[in-house]
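What follows is a set of notes on a single structure, which appears directly below.
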2 protein chains.
Amino acid sequence: MIYKESHALILNNIARFIDLTELEKQKYLSLLTDIKVKKKAFLMQAGDFAKYEYFIIKGCLKVYTLDEDGAPYISMFAVEDYWTGDMASFMTKEPTPYFIKATEHSELLGISRANYDLLFQEIPKFERFYRILYQRSLVSYIRRSNHGISLTAEQRYIEFKKKYPKIVNRITQKDLAAYIGITPEFMSKIISKVNRM
Amino acid sequence: MIYKESHALILNNIARFIDLTELEKQKYLSLLTDIKVKKKAFLMQAGDFAKYEYFIIKGCLKVYTLDEDGAPYISMFAVEDYWTGDMASFMTKEPTPYFIKATEHSELLGISRANYDLLFQEIPKFERFYRILYQRSLVSYIRRSNHGISLTAEQRYIEFKKKYPKIVNRITQKDLAAYIGITPEFMSKIISKVNRM
DNA sequence: TAAAAGTCTTAAACTAGTTCATTTTTTTTC
DNA sequence: GAAAAAAAATGAACTAGTTTAAGACTTTTA
């Protein structure tokens, strides 16, 4: 069976952890929705109810919150082959505190809450897929939050650049500052210092 | 069927997400190991291979890493009804970067890696249990790391005290500082300031 | 393609948090 | 229950990162 590109990509992502039969693949794909967002458009805004969890086929999005003073804090940049959304809101059906905004024209596949529940009923193997996916995310989150706290902003920038060399060149310095957790001014100083080294 | 206290506690924790038959309960309990650690003793040290994942029946433990300068950073305090361990090392069979040290005499139940794998084979319902457990941990980790970065140390202390009022009174100020991510001296200043308010 | 809007740079004055050193208080140990 | 060890408090000098402001450079939009 030949699948369109977006479907081949998501099946490939899932095949990392579980094997599906042809029938299961088709069933799964039927539960997904195609979504496109233009650059600067929002996929989600604070106060919304997270209707989908998303898989990114193409593009780049930033996931962020605003603090009391309205300053953004970016928790992740989501690019090709990443999963994103607000799992807390998706699960609890409470409003999200997040904004998700496309920094490039992007294409995604979404699974709705109703279809997510249906998925576990129809193809219980997906419990295993998500168990492993969440386990791995948890490990990398723990590493990140553990690692981050004792490093200086300069060290965090150097690590980010090493870990995500492709992403650094796709985002603005301002957004990078909001991810690293410093002001754009200080980000500018760090970058020119690191480049001089 | 009547279970000993530690078994009743862990079954209760599991019953939050899945229902087990009597037979499954007995099978599950047979896969667990009783563990005791005295105050100041290590459950795990950096360089060890994480042999178990732990459920805490009684006591309090701190999970921490040391940075290059040997300064501790505490990532969690684990008390009654919590799960702890190093999942990354447990899964990948690589050495752990963590120390887990009892701050009180503690009793735990452990599941070994071999039995964890066996568990999913014998009682597939546990895929669901762990999927939900990891999903929830992920949500609270994301919230914590998101929340933490933009707050001052004083605000982080106030939040911690509000969220874990019982834990605050069981740990030293020094350990609290290592959790908040500041020096014990500055922690001391913050506490006396907050008490004066 | 010109104007407007947004991003980046630089610099001076400021603040949250660190470091180091000393004393007091509390806890542990024999 | 005395001695030793660890934790907590206090203060002065220091540093990483913020704030504010202004000008230069780039990207977007009409």
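All chains are named by letter (A, B, ...) in the order of the sequence lines, taking the proteins before the strands, and each is independently numbered beginning at 1.
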Quiz item: Among D/dG11, D/dT18, D/dA8, which nucleotide sits nearest the side chain of A/F186?
Solution: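 Out of D/dG11, D/dT18, D/dA8, the nucleotide with an atom closest to A/F186's side chain is D/dT18.
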
Exercise. Measure from the side chain of A/K174, starting at C-beta and using heavy atoms only, and say which of D/dG17, C/dG17, C/dC8 lies closest.
Key: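 In terms of side-chain proximity for A/K174, the closest of D/dG17, C/dG17, C/dC8 is C/dC8.
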
Quiz prompt | salt_bridge(A/D81, A/R16) N-O dist < 4.0 Å | solution =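 No.
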
Quiz item: Can a salt bridge be assigned to the pair B/E80 and B/R170 using a cut-off of 4.0 Å between side-chain N and carboxylate O?
Solution: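 Here B/E80 pairs with B/R170 in a salt bridge, since their nearest N and O are under 4.0 Å apart.
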
Gap between atoms [atom1] and [atom2], on [X] and [N] respectively (whole Å):
X: A/E185; N: C/dT10; atom1: CD; atom2: P; result: 13 Å
X: B/Q155; N: C/dT15; atom1: CD; atom2: P; result: 16 Å
X: A/N195; N: C/dC8; atom1: CG; atom2: P; result: 13 Å
X: B/K62; N: D/dA7; atom1: NZ; atom2: C1'; result: 12 Å
X: A/R170; N: D/dT27; atom1: CZ; atom2: C1'; result: 19 Å
X: A/K189; N: C/dT7; atom1: NZ; atom2: C1'; result: 17 Å
X: B/I182; N: D/dA9; atom1: CD1; atom2: P; result: 12 Å
X: A/L176; N: C/dT9; atom1: CG; atom2: P; result: 12 Å

Does a nitrogen or oxygen in the side chain of [X] sit under 4.0 Å from OP1 or OP2 of [N]?
X: B/Q173; N: D/dA6; value: no
X: A/T183; N: D/dT18; value: yes
X: B/K39; N: C/dT28; value: yes
X: B/S188; N: D/dA9; value: yes

Quiz item: Think A/R131 forms a cation-pi with B/F120, using NZ or CZ under 6.0 Å from the six-ring centre and within 45 degrees of its axis?
Solution: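 Yes.
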
Exercise. Map A/M187 and A/K40 onto DNA chain C by nearest heavy atom, then report which one ends up closer to the 5' terminus.
Key: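 The residue mapped nearer the 5' terminus is A/K40.
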
Practice problem: Say whether A/Q155 and A/T152, considering side chains only, have a donor N or O and an acceptor N or O under 3.5 Å apart. | Solution: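 There is such a pair between these side chains.
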
Quiz item: How far apart are the C-alpha atoms of A/F126 and A/Y28, what are their side-chain angles, what is the distance that settles it, and do they pass the ring pair (Phe, Tyr, Trp, His ring centres under 6.0 Å) test?
Solution: CA-CA 10 Å; A/F126 271 92; A/Y28 175 58; 4.8 Å; yes

